[in-house]
**Student:** 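Okay, handing you the structure first.
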Amino acid sequence: MRRKTTTVALMATLTLAATSGVCHAESAESKAFVKDCSLCHDLSDFEDESVGDVLDELTAIVQGKAKHRRKLSMTPDEIYRMSQYLAGQ
């Protein structure tokens, strides 16, 4: 009986460990935000922003048309995906 209980507990633990990585996988945008943005910004800074507003602001920063503490280099696709991430979409 004890062996069966141990086996069931082990199976449950392995299942949980295997699925938790999938459920909590970080997106590329999340990793980039933590690495490049989180020293000065918090996600709550963007909570009332639309995707379009964030997209316009990031585009202006990348193009050098808006002031920003440091230069950003992003492709149009990266700008769009980051805008969705920051606006909570």
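What you see is a predicted model, and the numbers here were worked out from it, not measured in a lab.
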**Student:** Can you give me the closest heavy-atom contact between Val62 and Met74, atom names plus distance?
**Tutor:**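 Scanning both residues completely, I find the closest heavy atoms to be CG1-O, 3.9 Å.
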
**Student:** Within the side chain of Asp56, is there an N or O that forms a donor-acceptor pair under 3.5 Å with the backbone of Asp53?
**Tutor:**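 No, Asp56 side chain to Asp53 backbone: no donor-acceptor pair under 3.5 Å.
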
**Student:** Between atom SG of Cys37 and atom CG of Leu58, what is the distance when rounded to the nearest 0.5 Å?
**Tutor:**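 If we round to the nearest 0.5 Å, Cys37:SG and Leu58:CG are 8.0 Å apart.
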
**Student:** Nearest 0.5 Å, what's the CE-OG distance between Met82 and Ser30?
**Tutor:**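 That separation rounds to 8.5 Å.
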
**Student:** Do you reckon Val34 sits in the same ILVMFWY cluster as Leu43, going by side-chain contacts under 4.5 Å, direct or chained?
**Tutor:**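 No, Val34 and Leu43 fall in different hydrophobic clusters.
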
**Student:** With salt bridge (Lys or Arg N to Asp or Glu O under 4.0 Å) as the rule and sequence neighbours excluded, what pairs involving residues 73-89 come up?
**Tutor:**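 For residues 73-89: Glu29-Arg81, Asp77-Arg81.
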
**Student:** Can Asp36 and Arg70 be said to form a side-chain contact (heavy atoms from CB on, under 4.5 Å), step by step?
**Tutor:** CA-CA 10 Å; Asp36 299 324; Arg70 45 179 277 197; 4.1 Å; yes

**Student:** So Phe46 and His41, would you call those rings parallel, tilted or perpendicular, with 30° and 60° as cut-offs?
**Tutor:**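 Ring orientation of Phe46 relative to His41: tilted.
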
**Student:** Would you name the heavy atoms of Val51 and Ser83 that are closest together and state the gap between them?
**Tutor:**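 Shortest heavy-atom contact: O-CB, 3.8 Å.
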
**Student:** Please report the interatomic distance OG1(Thr59) to CD1(Ile79), rounded to the nearest 0.5 Å.
**Tutor:**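 If we round to the nearest 0.5 Å, Thr59:OG1 and Ile79:CD1 are 4.5 Å apart.
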
**Student:** Closest heavy-atom contact between Phe33 and Asp42?
**Tutor:**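 Scanning both residues completely, I find the closest heavy atoms to be CZ-C, 3.8 Å.
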
**Student:** Measure across Ser50 and Ala87 and return the closest heavy-atom pair with its distance rounded to 0.1 Å.
**Tutor:**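 Between these two residues, the closest heavy atoms are C-CB, 3.8 Å.
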
